[in-house]
Every structure is written in C-alpha cells, then in structure tokens.
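Numbers restart at 1 for each chain; the letters A, B, ... are given by sequence-line order, proteins then strands. If you're wondering where the values come from, they're calculated on a predicted model, not measured in any experiment.
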2 protein chains.
Amino acid sequence: MALRHAVLAALLDGEFSGYQLAKAFDVGVANFWHALPQQLYTELARLEKEGLVEGRQVVQETRPNKRVFRVTDTGRDELEKFAASTSKPSFIRDDLLVKVQSADRIGTAQVIEQLDERVAAAEAKIALLDDLLRQMRGDADEEEFLRHGERIGPYLTCLRGVAFERGQRDWCLRIAAVLRERQAAHAGR
Amino acid sequence: MALRHAVLAALLDGEFSGYQLAKAFDVGVANFWHALPQQLYTELARLEKEGLVEGRQVVQETRPNKRVFRVTDTGRDELEKFAASTSKPSFIRDDLLVKVQSADRIGTAQVIEQLDERVAAAEAKIALLDDLLRQMRGDADEEEFLRHGERIGPYLTCLRGVAFERGQRDWCLRIAAVLRERQAAHAGR
DNA sequence: CTTGAGTAGTCACATTCTTGAGTATGATGG
DNA sequence: CCATCATACTCAAGAATGTGACTACTCAAG
C-alpha cells in the first residue's frame, strides 16, 4: 500500500502527468520503488478520487493533451502520517541471484553471461545517476549542496541508488571471475 | 513467477519441510527473495502437483510430523531452463527511501529515528550473515573455499547480502548525519 | 508516403502477495 | 501448573502487481 506514497513523494517536485511520472519511475524513483506506467495511471486516478492529488488538463498543440497532478494538503498530511509509521524492512528480489544460488548444481555458462550483462547494465545506470546527481547539485559540491540545498530528498535517494548499483557491479564482477576460474579448473582436469 | 525457482534453488541443498524453508527464507534466501511461510506452503503444494518436487512424510516423536521435499529431475530441468532464460533487472522496494525522498518537505525527526533503527538492523543482519559465511566455509579461507568448495551457490548469494547490508548501513548513517546537521542549522536560525 | 519512435493514456484479466485467523502438539521457564 | 514459545501446517479474503492488447496523435528518417 505504498505505491501511493511513492507517487505522492514524486509529485512533491512539481506537477507531473502520468506519462512523466512513468519516466521518473524509470530512473530516479526506481532506486526505491519500481512500477509500471499502468499502475501509475491507476494510482493517480485513485489518489484523485480520494482528494490526495488534484489534476488539471493541459492542452498541447503539437502533442496529445495531458493531465498533470499536484499534491493537495490532504495528500501532504497523508505523507506525513506515512513518514511517522514504522517502515517494513526493504526487500530485494533478483532472478539472477536465484540462478547464482543454484550455479554449481546446474550449468554455469549462461549464468556467467548474465553476470556480464548485469555489469554493463549497472555501469550504464551508474553513469545515468551520476549525471542526475550532477544536475541536481548544480555548481555546488556535494557537501555544500547537502548542507544548504533546499530540495535534497531526491538527491539522497539517488545516492542510495548509485551505491546499490556499484555494489551490484562489484559483486557481479567478482562472482563472474570466481565461476570462470572454477569452470577453467574443471575443464583442465 | 520466480518464487518457484527460489524454492527449487533452496531445495538443492537437501530435503526441507515448508517450515524449515520458511526459516531459510528468513535469513539466507532473504538476500534475494523474500517470502512468507504461507506462500512457501502454497508453492510447495503446487510444485508437488506439477512433479517438480517430491514430498515424503517424516514421523517425529517429540514434535509434530512433517513433510520434507526434494527436487525431482523434472524440477532440476526446470531450474536449468530458468537459468538460461533472461533475467529481469532486480528491483528494490523500500518504504524508508520513500520517506527520505520527501524528507525535506515533511517532518524529518521521525525519519531520522527510522534511519537509526535501520542501522541497527543492518548491523545485526551483517553479524548473522558473517556467521553463516564462516559456517559455510569451515576452516578454509574465502579464496580457498571459493576455488575448491563443492557447494558455493549459497555462499555467493550471502556475499551479496552482506554487501547490500553494509551499503544500507553506510547510507543510513550518512543520511542521518546530513539530516541531523540540517535540523540543527534550521533550529539555530 | 510509409514506417517507426515518442507522447499520452485506457481496459481487462490473471497472478502474486499480504493479512489475519486458526489447529495441534511438545518443550521450557517461572 | 500455567503461560508462553517453538514446531508444523492450513484456509480464506482481499489488496497489490504484472501482462498484454489497444487507441490516437505528431514528428522525423528513409
């Protein structure tokens, strides 16, 4: 029941349409909450019905019109209440880890390939997020920005995202190396 | 649709009852897949019906009888097929990050408290996993074990778990410090 | 002048996950 | 001896998520 809060939190930075939110959920927000566009549209409709967000039509000439939403005071209260409630421990779900868990009982070759792909994906994500961070902090250096910036929330969650991706990359590199070495040892027998 | 594969992967290490699996999912397996006991019982029943696992009754004297399961050849094939299929990118979902995202627009005090709790939880988890790792590798040192151990899958996923928890802890410490400093600066104005 | 990509959104269905309660037994601690 | 914890498992209901297909418009490249 916290997709709603992720949406509210994302809308704190201004007015967004469902489509724009979907973009945001693909990059920054994905660091802590993953959701498909359909879910966002559904959730926005529900939030509007409950008065937590307000939508208004924006007529566009060169593209389809859109509806943008912003958080109402009621919505802000809801976020406050959510912030005060106890958090559940975060959880990860990762197909690839399931495969690594069984790596030595089944074929490892395919798993190694996927580890390599993951490394590349992680590096791309790191680059993307680093750019995002640079954009957010502007000229200031990080310490400076974190002390005096006025909107640091998204920056902080991006930091977590970068750290996660780095961890992901390093782990994948190491595991791929380990599995390769074992494969070589096995072949040389 | 990968809880089934997580269960199969967990059962590669021997015969387990639903109850025992639930324990495993609470510690080691939780590093890459989180599931409640009820889901495991349901999944085991389904897997048995489809012939991917086989259960047998174990009569116990001092405790309730149990049914333990092991993977069948069909189940092993299914895992192979799964390992060869492309993985979806892993995703995180974390209440606390949602709160941090909106931290500077709502009250931060409660969030700081929760960050502290998270630090403690992460440290406990790290200790637990370090123990688990030590148990798994026995006398050998890590390099040695990873080269020649015969069952390293669970060890590798635990390494990821430890790294994740360390990342979690470090990030929480940093963010809590940042928010505290801003809080102090704000109060001093 | 057509194909493909990007913008903007909707509908319906199916699966999965969570919540909450409940059964039954033996062991442990005060 | 009574309460509580640990083992071992089940059922039902409801909320959240995911999958796939679809509409409609504009712009740019080939």
> Roughly how many Å is it from CD in A:Glu61 to P in C:dA8, rounded to a whole number?
Replying inline: 14 Å

> If you find the nucleotide of DNA chain C closest to B:Glu43 and the one closest to B:Arg63, which residue's nucleotide is nearer the 5' end?
Replying inline: B:Glu43

>> Closest approach to the side chain of B:Leu3, judged atom by atom: which nucleotide of C:dT19, C:dC17, C:dG9 is it?
In response: C:dC17

> Does B:Pro154 reach the side chain of B:Asp13, with side-chain heavy atoms less than 4.5 Å apart?
Replying inline: yes

> Can you tell me how far CD of A:Glu142 sits from CE of A:Met136, rounded to the nearest 0.5 angstrom?
Replying inline: 10.0 Å

> Using Watson-Crick and G-U wobble pairs with both distances under 3.5 Å, what is the 5'-to-3' dot-bracket string of DNA chain D, with [ ] for crossing pairs and | for pairs outside the strand?
Replying inline: ||||||||||||||||||||||||||||||

> How far does CD of A:Gln168 sit from CG of A:Leu115, to the nearest 0.5 angstrom?
Replying inline: 9.5 Å

>> When you measure from the side-chain N and O atoms of A:Arg93 to the phosphate of C:dC17, is any distance below 4.0 Å, counting only OP1 and OP2?
In response: yes

>> Can you measure A:Phe25 atom CZ to C:dA8 atom P for me and round it to whole angstrom units?
In response: 17 Å

> What is the distance, rounded to the nearest whole Å, between atom OH of B:Tyr19 and atom P of C:dG26?
Replying inline: 16 Å

> Quick one: do A:Leu44 and A:Tyr19 end up in the same hydrophobic cluster if we chain Ile, Leu, Val, Met, Phe, Trp and Tyr together by side-chain heavy atoms under 4.5 Å apart?
Replying inline: no

> Separation of B:Leu36 atom CG from C:dA21 atom P, in whole Å?
Replying inline: 15 Å

> At under 4.0 Å, does any side-chain N or O of A:Tyr41 touch on OP1 or OP2 of C:dT10?
Replying inline: no

> Quick one: ring pair (Phe, Tyr, Trp, His ring centres under 6.0 Å) partners of B:Phe145, sequence neighbours excluded?
Replying inline: B:Tyr155

>> Nearest 0.5 angstrom please: B:Arg174 CZ to A:Leu146 CG, how far?
In response: 5.5 Å

> Would you call B:Arg76-B:Glu54 a salt bridge at under 4.0 Å N-O?
Replying inline: no

> Tell me: CG of A:Asn65 to C1' of C:dA8, nearest whole Å?
Replying inline: 9 Å

> Taking atom C1' of C:dA8 as reference, at what distance in whole Å does atom CD of A:Gln39 sit?
Replying inline: 18 Å

> Can you pull the contact range of chain B along DNA chain D, 5' to 3', using atoms under 4.0 angstrom from its heavy atoms?
Replying inline: D:dA6 to D:dT19

> Taking only N and O in the side chain of B:Gln38, is any of them less than 4.0 Å away from OP1 or OP2 of C:dT18?
Replying inline: no

>> Between P on C:dT7 and CG on A:Leu21, what's the gap in Å once rounded to a whole number?
In response: 14 Å

>> I want to confirm an ordering. Mapping B:Gln20 and B:Lys88 to their closest nucleotides on DNA chain D, which one lands closer to the 5' end?
In response: B:Gln20

>> If you compare every side-chain N and O of A:Ser17 against the phosphate oxygens of C:dG9 (OP1, OP2), does one of them come in below 4.0 Å?
In response: yes

> A:Gln60 has an atom CD; how far is it from atom P of C:dT7, in whole Å?
Replying inline: 11 Å

>> Closest-nucleotide mapping onto DNA chain D: is A:Arg4 or B:Pro64 further toward the 5' terminus? I mean the 5' end.
In response: B:Pro64

>> Measuring from atom CG of B:Leu159 to atom CG of B:Asp130, what distance do you get when rounded to the nearest 0.5 angstrom?
In response: 9.5 Å

> Just by distance, do the side chain of A:Lys99 and the backbone of B:Ser85 share a donor-acceptor pair under 3.5 Å?
Replying inline: yes

> Tell me, do A:Glu78 and A:Glu50 make a side-chain contact under 4.5 Å, heavy atoms counted?
Replying inline: no

